[in-house]
Amino acid sequence: MVIVGGGLAGMKAIEELRSQQYDGPITLVADEEHLPYERPVLSKGYLLGSESRDSAFTHDQQWYADNRVELVLGDRAVAVDRPGHKITTRSGREVSYAKLLLATGSQPRNLRLDGADAENVYTLRNVEDADKIDAAITGLAEAGRPMVIIGGGWIGLEVASAARQRNVEVTVLEALEKPLLTVLGPQVAQVFADLHTERGVRLVTGAEVSGIETDSGRATAVTTADGQRYDAGAVIIGIGAAPRTSLAADAGLDVDHGVLTDASLRTSDPDVFAAGDIAEVDHPLLGRRVRVEHWAWANDTGPVAARAMLGQDARIDFLPFFFTDQYDLGMEYIGYLPPGSQPEVDLRGDVAGRTFRAYWIVDGAVVAGMHVNDWDNGIDPIKEIVLSRDPAKIN
Ligand SMILES: Cc1cc2nc3c(=O)[nH]c(=O)nc-3n(C[C@H](O)[C@H](O)[C@H](O)COP(=O)(O)OP(=O)(O)OC[C@H]3O[C@@H](n4cnc5c(N)ncnc54)[C@H](O)[C@@H]3O)c2cc1C
């Protein structure tokens, strides 16, 4: 069994292979130098200083040794020879497989603008990025210089939260009328807008970024098409991520937005599987293809792929789920809102006090639900309602 990609999906697949008593060889090929780790902490506790770098790593070196996992770290798979059942890495190593799991994750999208490559312009995907942003926040706080965040999505808002809590002046430039608008809709998006503005974030919506000014290779300001100039000691680009599908595409596998798989995570080649951010799965509960870039999806699809690789009848039987933590707001969301749908949103609880539940209803069916800070009840009752699809069950 060969796993390409040392993220959460790959790591969970390895765990599952061994817990299913698979006794044969496992090789992990990972282009980062690190053992597999989990990313959510990087934009939250790690930047806040409340959680250590070690907390991101689920298993230490000994665990991989104990589980007889051959680790090929710091080496990227560059080609898959499907007829020959082997992969080749950048260093020229060849690794044979009976079954192959591709779990290559995503990479941040960048802006095609002059200045986007300046040394104090950052994206956030890995621990090195988090270290750089952590150091930048320290420097900005000491110098009293502002941070400009391009993009009011999850990562941008989480970095804004951390930077504000470390006394850095923050401007968020968001292209739409509200942050998170396409995911949450206007009412719930407003909750996040208010959360940040109350904490002192300057939130600029409808912002069309036109340039990044630099001086001696360092960004000094971000400009927008309406002629505004936002002073910047550091710039974060948080405009989303793109799945790393080129290895699969070059190998001739079926790829659309992601690597196409059936409900067992099997690609168009029966010996090759895909999990986590890159998988575009024919979802049996949703009756459509979905690609999901969230922690729980990687956590849960890795094991399904592993069981399918072992020839078991494993299939996706869970809904997409995600969470965020910003300041004192914690949120969990479950379900799937089809892109472009015009849902009715049913809000229950204390929205102004930021302890509430929300349900998205499309064509009379509950398709998604979330709670904000409702930790007494949590996500489980919401999950039951979403699975039932029945709006009458909302309470
Ligand atoms: C900062 C941050 C915060 C996040 N916070 C949340 C959150 O709060 N809630 C939530 O639900 N989700 C969150 N996510 C999303 C979640 O972390 C991802 O969905 C998850 O990491 C996906 O796991 P994965 O295993 O598919 O891919 P990844 O974690 O991206 O791992 C893929 C690995 O494969 C490696 N790789 C790529 N190509 C090759 C190759 N050719 N050969 C070898 N190795 C290769 C990559 O370098 C990488 O190490 C966050 C993501 C980030 C970056």
Side-chain angles (χ1 to χ4, degrees), residues 2-14 27-47 56-58 71-80 87-91 93 95 100-109 122-131 133-134 153-159 161-162 183 236 238 240-251 258-259 265 274-281 291-303 305 320-326 329-334 370 379:
V2 173
I3 320 287
V4 173
L8 181 62
M11 187 273 284
K12 294 304 285 189
I14 293 169
T27 303
L28 172 68
V29 178
D31 71 351
E32 292 190 65
E33 300 282 350
H34 310 285
L35 294 171
Y37 60 93
E38 303 189 26
R39 298 175 200 277
V41 70
L42 300 181
S43 51
K44 306 178 186 67
Y46 189 58
L47 287 186
F57 291 81
T58 321
L71 294 171
V72 180
L73 302 181
D75 202 1
R76 175 178 304 181
V78 292
V80 180
I87 62 159
T88 307
T89 70
R90 187 174 37 199
S91 71
R93 184 192 289 242
V95 184
L100 172 66
L101 175 63
L102 301 177
T104 48
S106 304
Q107 61 195 7
R109 293 184 199 277
Y122 309 97
T123 55
L124 176 51
R125 187 73 201 172
N126 57 38
V127 284
E128 287 78 14
D129 299 334
D131 284 339
I133 293 171
D134 177 45
W154 301 113
I155 301 260
L157 294 184
E158 288 176 1
V159 175
S161 165
V183 199
I236 309 291
R244 297 175 72 167
T245 54
S246 60
L247 184 67
D250 291 348
V259 181
L265 285 318
D277 281 9
I278 63 161
E280 185 171 344
V281 182
R291 197 179 68 75
V292 180
E293 289 174 11
H294 290 303
W295 177 92
W297 189 251
N299 192 65
D300 297 341
T301 53
F321 165 86
F322 67 92
F323 58 92
T324 186
D325 294 306
Q326 299 170 31
L329 181 151
M331 178 272 253
E332 296 181 305
Y333 177 110
I334 191 157
M370 68 174 259
I379 197 69

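Computed from a predicted model, the values in this text were never measured in an experiment. Both counts, for ligands and for their atoms, begin at 1 and track the order of listing.
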[atom] - nearest protein heavy atom and its distance:
{"atom": "atom 25 (O) of ligand 1", "value": "Ala9 N, 2.9 Å"}
{"atom": "atom 39 (C) of ligand 1", "value": "Thr104 CG2, 3.6 Å"}
{"atom": "atom 5 (N) of ligand 1", "value": "Lys44 NZ, 3.1 Å"}
{"atom": "atom 41 (N) of ligand 1", "value": "Ala77 O, 2.9 Å"}
{"atom": "atom 49 (O) of ligand 1", "value": "Glu32 OE2, 2.6 Å"}
{"atom": "atom 26 (O) of ligand 1", "value": "Asp277 N, 2.9 Å"}
{"atom": "atom 27 (O) of ligand 1", "value": "Gly105 CA, 3.1 Å"}
{"atom": "atom 40 (C) of ligand 1", "value": "Arg76 CG, 3.5 Å"}

Taking 4.0 angstrom as the limit and counting only heavy atoms of [X], give me the atoms of ligand 1 inside it, by number and element.
{"X": "Arg244", "answer": "37 (C), 38 (N), 46 (C), 47 (O)"}
{"X": "Ala103", "answer": "32 (C), 33 (C), 34 (O)"}
{"X": "Ala298", "answer": "22 (C), 23 (O)"}
{"X": "Gly6", "answer": "33 (C), 34 (O)"}
{"X": "Gly276", "answer": "26 (O)"}
{"X": "Leu8", "answer": "25 (O)"}
{"X": "Leu124", "answer": "1 (C), 53 (C)"}
{"X": "Val29", "answer": "43 (C), 44 (N)"}

* **Partners passing side chain to side chain donor-acceptor pair (under 3.5 Å) against Tyr46 (at least two apart in sequence or in another chain)** => Asp131
* Would you find a donor on one side and an acceptor on the other, under 3.5 Å apart, between the side chain of Asp75 and the backbone of Thr89? -> no
Do [X] and [Y] have side-chain heavy atoms sitting under 4.5 Å apart?
{"X": "Gln107", "Y": "Arg125", "answer": "no"}
{"X": "His294", "Y": "Tyr333", "answer": "no"}
{"X": "Ile379", "Y": "Phe323", "answer": "no"}

Option whose closest heavy atom lies nearest to [atom], chosen from [options]:
{"atom": "atom 2 (C) of ligand 1", "options": "Thr301, Ile278, Ile155", "result": "Ile155"}
{"atom": "atom 50 (C) of ligand 1", "options": "Gly10, Pro40, Ala56, Ala279", "result": "Pro40"}
{"atom": "atom 44 (N) of ligand 1", "options": "Asp31, Val159, Val4, Asn126", "result": "Asp31"}
{"atom": "atom 9 (N) of ligand 1", "options": "Phe323, Trp295, Phe322", "result": "Phe323"}

* **Phe321: ring pair (Phe, Tyr, Trp, His ring centres under 6.0 Å) partners, not counting sequence neighbours** => none
Could an N or O of ligand 1 be found under 3.5 Å from any N or O of [X], whether backbone or side chain?
{"X": "Arg39", "answer": "yes"}
{"X": "Ser43", "answer": "no"}
{"X": "Ala30", "answer": "no"}
{"X": "Leu42", "answer": "no"}
{"X": "Arg125", "answer": "yes"}

* What part of Ser106 sits under 4.0 Å from ligand 1 if we count only heavy atoms: the side chain, the backbone, both or neither? -> backbone
* Could you check Leu42, Thr324, Asp325 and say which one makes a side chain to side chain contact (heavy atoms under 4.5 Å, CB included) with Glu158? => Thr324
* Salt-bridge test for Glu32 and Arg39: reply yes if a basic N is under 4.0 Å from a carboxylate O, no otherwise. => yes
* Nearest-0.5 Å distance that lies between atom CG in Leu124 and atom CD1 in Ile133 -> 4.5 Å
* Run through Asp277, Thr104, Asp31 and flag the one making a side-chain hydrogen bond (donor to acceptor under 3.5 Å, both in side chains) with Arg244. => Asp31
